[in-house]
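Right, one structure below, let's go through it.
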There are 2 protein chains.
Amino acid sequence: MSEPSGGKSVTLHDVAREAGVSLITASRALSNPGLVSAKTIARVQQAVETTGYIPNLLAGGLKSRRSLTVAALVPNIAVAQFIPTVKALTDALDAAGYQLILGQTGYDHAREEALLGTMISRRPDGIVVTGLVHAQASRDRLRRSGIPVVETWDLSDRPVDMAVGFSHLKVGSAVAGYFLGKGWRRFGIATGDDHRAAVRREGFLSTLGHEVPTVRVPSPSSLGLGRQALRDLLALDPGIEAVFCSSDQLAQGVMEEARARGLRVPQDLAICGFGDADFAADMAPALTTVQIDGAGIGRLAADLVLARCRGEAVSAPVVDVGFRVVERGST
Amino acid sequence: MSEPSGGKSVTLHDVAREAGVSLITASRALSNPGLVSAKTIARVQQAVETTGYIPNLLAGGLKSRRSLTVAALVPNIAVAQFIPTVKALTDALDAAGYQLILGQTGYDHAREEALLGTMISRRPDGIVVTGLVHAQASRDRLRRSGIPVVETWDLSDRPVDMAVGFSHLKVGSAVAGYFLGKGWRRFGIATGDDHRAAVRREGFLSTLGHEVPTVRVPSPSSLGLGRQALRDLLALDPGIEAVFCSSDQLAQGVMEEARARGLRVPQDLAICGFGDADFAADMAPALTTVQIDGAGIGRLAADLVLARCRGEAVSAPVVDVGFRVVERGST
DNA sequence: CTGTTAGCGCCTTCAA
DNA sequence: TTGAAGGCGCTAACAG
């Protein structure tokens, strides 16, 4: 308990000396015990205890070229949407001995490019990005780095490397189709200002065949922004029958504002969100929304990266996890 | 654009050769340009361009003993409470060239201890943990590692190293005092099953002087769990006048359930949350809650770690960021 | 301002 | 089963 705390930190060299074996034998006893006799292993482990040795993964990684880290880039960790993905990714990686290095791009290409450089300089064994990498320079750099890359929450014909996501265009189409099937004809859109939400809107409009009153709010969206969005939408068209929101947080705000104005949901105003957040099913009325398996995306991304790390061939580098319009009381 | 992608990766050695300077001069041109002539810097930068060099921070860190990483341990990234802290921490560190390595302890001491070992083996320049480190073995190990440590979201007389937080006991007391001041006498508590929420409950009870019907729900708490909690609380005591919730998510659920039962808030049931989530002020009625500056905690933690990294003496290693009971419509 | 010399702590390759 | 040598890519420390 009173180890030499002030001096230099304990290295494998100290452990080897304490155990009376060579450096490399100590190394093998810890990281490749199959090659070492049981007695020696015991001695080395004893030496680890008495010296308080903690291995230095940086040093090991320099030679072995495995850092046991994976970089994850999200636009903004405060966007609730991506939390289940980050959590599942972290959990799956941790179970395999890998840790996650987190970076935020702020929905900005220049920032993303700079951050990718920083991340590559840490030599992660994999890079998981939210959304597709659009800047060509970044795509080239990633490819040249040789690091396995998974683009998530979107799909592409030509991913940088691998992809796990779904079609935002189809999501928009599906919601429009669902609304039309219910007999509604006057719509509004409340949307965050990010690229993928814009694509969902495009899908919605293309199925509809015409423009729709739209209110844009900054990311991350919130209940308060949803309330404001409905106020603005009703100012644009007081006769709106149904609103498509780019997040469940916005949808919750729209519902709150509708309630405050004495509008009945769904009779006077129908609402559809996106994401199936943890609160969506328990609202009153429960929120109709587009369910995305965010945790599944994280797990799959981890699986792909880990498979590459083990040198396995990945048979399906692009995975469509799909989505589902979940009908509940708000429509 | 058609660099040697298959072969070995480009090292500083290649850059130096390309630029016609020695290895160390190339190194300095990039990381310490003040010591190198402008002409040489330009030549080296040109060589970086043509070779597509990306530095290897692991190798540099081995010698310089700075990994430019900080480890952050949270119980669970899905607990909304901590997101602003993680975000602010990430942003502040990024601005200083540091990246964050994320780990989840799952509110479990054994898991925390194992994770701390893993993190220390990555030689981060700082470790930020959520809550206090309780296991003595972990505390000892952290101290011996010599790595700057900041415990957050709580306070202690004897932190491992540094701390940024507030007193959960005082929070509970303050809410009880506030409730009593409003003239209410019959209370309920809806709480997550984590240690700090339990301490807030203790503070509440000690100011009150007697027990109170309590419903515990698993973490992370949610709107759905809040609805269930109110059902259970009213089963324990149908005459409850005010409920103290351990999170705003729970409080939102309690409010939703109250509304569903035709209880008026606050006339029939008053509600106080904890955390001042982004939706709290925009609910109808707006939610009375305990405001914590989560982003401020993250920024301060980053400041403390970075100060230590620069070798500066930290004059106030324990910072109480306090809290504020924000009165809104729900009480 | 630039270069030479030694490693950082560990792991891979070869030999015993 | 164990050991000795060498090097991963880079940077402190000292010279020039």
Side-chain angles (χ1 to χ4, degrees), chain A residues 7-44 47-48 51-69 97 118 120-125 145-147, chain B residues 7-44 47-48 51-69 97 120-125 145-147 311:
Chain A
K8 310 179 57 56
S9 76
V10 179
T11 76
L12 194 53
H13 184 230
D14 303 315
V15 174
R17 202 160 25 105
E18 174 78 21
V21 298
S22 76
L23 184 69
I24 182 58
T25 299
S27 169
R28 284 199 275 249
L30 297 178
S31 54
N32 216 340
L35 302 176
V36 180
S37 75
K39 218 175 66 186
T40 306
I41 292 176
R43 277 228 306 282
V44 170
V48 167
T51 56
Y53 171 70
I54 295 187
N56 182 332
L57 246 43
L58 302 182
L62 189 55
K63 186 70 188 175
S64 68
R65 310 183 148 287
R66 290 176 308 121
S67 65
L68 296 179
T69 60
T118 307
I120 293 174
S121 74
R122 299 189 180 282
R123 300 295 189 268
D125 297 324
S145 76
I147 300 171
Chain B
K8 309 181 56 57
S9 75
V10 179
T11 75
L12 194 53
H13 184 225
D14 303 315
V15 174
R17 201 159 24 106
E18 174 78 19
V21 298
S22 75
L23 186 66
I24 184 63
T25 299
S27 169
R28 285 198 275 248
L30 296 177
S31 53
N32 218 339
L35 301 175
V36 180
S37 76
K39 218 174 65 185
T40 306
I41 291 174
R43 277 227 308 282
V44 170
V48 167
T51 56
Y53 171 71
I54 294 186
N56 183 330
L57 246 44
L58 302 182
L62 190 56
K63 183 69 187 176
S64 68
R65 313 184 144 285
R66 290 174 308 121
S67 64
L68 296 178
T69 60
I120 293 174
S121 74
R122 298 189 179 283
R123 300 296 188 269
D125 296 325
S145 76
I147 300 171

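Just so it is clear: chains get the letters A, B, ... in the order the sequence lines come, proteins before strands, and each one is counted from 1.
- B/Leu62 places none of its side-chain heavy atoms less than 4.5 Å from the side chain of B/Arg123.
- Distances from the side chain of A/Asn56 to the nucleotides D/dC10, D/dT2, C/dG9 place C/dG9 closest.
- For B/His13 and D/dT11, the NE2 to C1' distance is 15 Å, given to the nearest whole Å.
- Proximity note for A/Ser37 (side chain, C-beta onward) versus C/dT2, D/dT1, D/dC10: the nearest is D/dT1.
- Candidate nucleotides C/dT2, C/dT13, D/dG6 were compared by shortest atom distance to the side chain of A/Lys63, and D/dG6 ranks first.
- As rounded to whole Å, 11 Å separates atom C1' of C/dT2 from atom CZ of B/Arg43.
- OP1 or OP2 of D/dG3 has at least one side-chain nitrogen or oxygen of A/Ser22 nearer than 4.0 Å.
- Note: B/Thr51 OG1 to B/Arg17 CZ = 10.0 Å, rounded to the nearest 0.5 Å.
- Using a 4.0 Å cut-off, some side-chain N or O of A/Thr25 falls inside it from OP1 or OP2 of D/dG3.
- Phosphate proximity of D/dT11 to B/Ser27: present, with a side-chain N or O under 4.0 Å from OP1 or OP2.
- Which of D/dT2, C/dG3, C/dC8 sits closest to the side chain of B/Val21 comes down to C/dG3.
- One atom, CG of A/Leu23, and another, P of C/dG9, lie 11 Å apart when rounded to the nearest Å.
- At whole-Å resolution of the value, CG in B/Leu58 and P in C/dC11 are 14 Å apart.
- The separation between A/Lys39 atom NZ and D/dT2 atom C1' is 13 Å, rounded to whole Å.
- No donor-acceptor contact under 3.5 Å links the side chain of A/Arg123 to the base of D/dG9.
- For the side chain to side chain contact (heavy atoms under 4.5 Å, CB included) test with B/Leu12, the passing option among B/Ile24, B/Val44, B/Leu23, B/Val48 is B/Leu23; the others fail.
- Applying the 4.0 Å criterion to OP1 and OP2 of D/dC10, one finds that B/Ser31 has every side-chain N and O outside that range.
- Considering only the side chain of A/Ser64, C/dC11 comes nearest among C/dC11, D/dT11, C/dG9.
- For B/Asp14 and D/dC10, the CG to C1' distance is 13 Å, given to the nearest whole Å.
- Contact annotation for B/Leu35: base contact, defined as any heavy-atom pair under 4.0 Å involving a base atom.
- Listed here is the closest heavy atom pair of A/Tyr53 and A/Leu30: CE2-CD1, 3.8 Å.
- The two residues A/Pro33 and A/Ala29 make their nearest non-hydrogen contact at CB-O, 3.8 Å.
- In this structure, CZ of B/Arg28 is placed 9 Å from P of C/dT2, rounded to the nearest angstrom.
- For D/dG9, neither phosphate oxygen OP1 nor OP2 lies less than 4.0 angstrom from any side-chain nitrogen or oxygen of B/Thr11.
- If you check C/dT4, D/dG3, C/dC10 against the side chain of B/Ile24, the one that comes closest is C/dT4.
- Looking only at side-chain heavy atoms (C-beta outward), B/Arg43 and B/Val21 come within less than 4.5 Å of each other.
- Listed nucleotides C/dC10, D/dA13, C/dG9 differ in distance to A/Leu62; the shortest reach to its side chain belongs to C/dG9.
- Picking from C/dC11, D/dC8, C/dT4 the nucleotide with the shortest atom distance to the side chain of A/Arg65 gives D/dC8.
- Rounding to whole angstrom units, CG of residue B/Leu12 and P of C/dT4 are separated by 14 Å.
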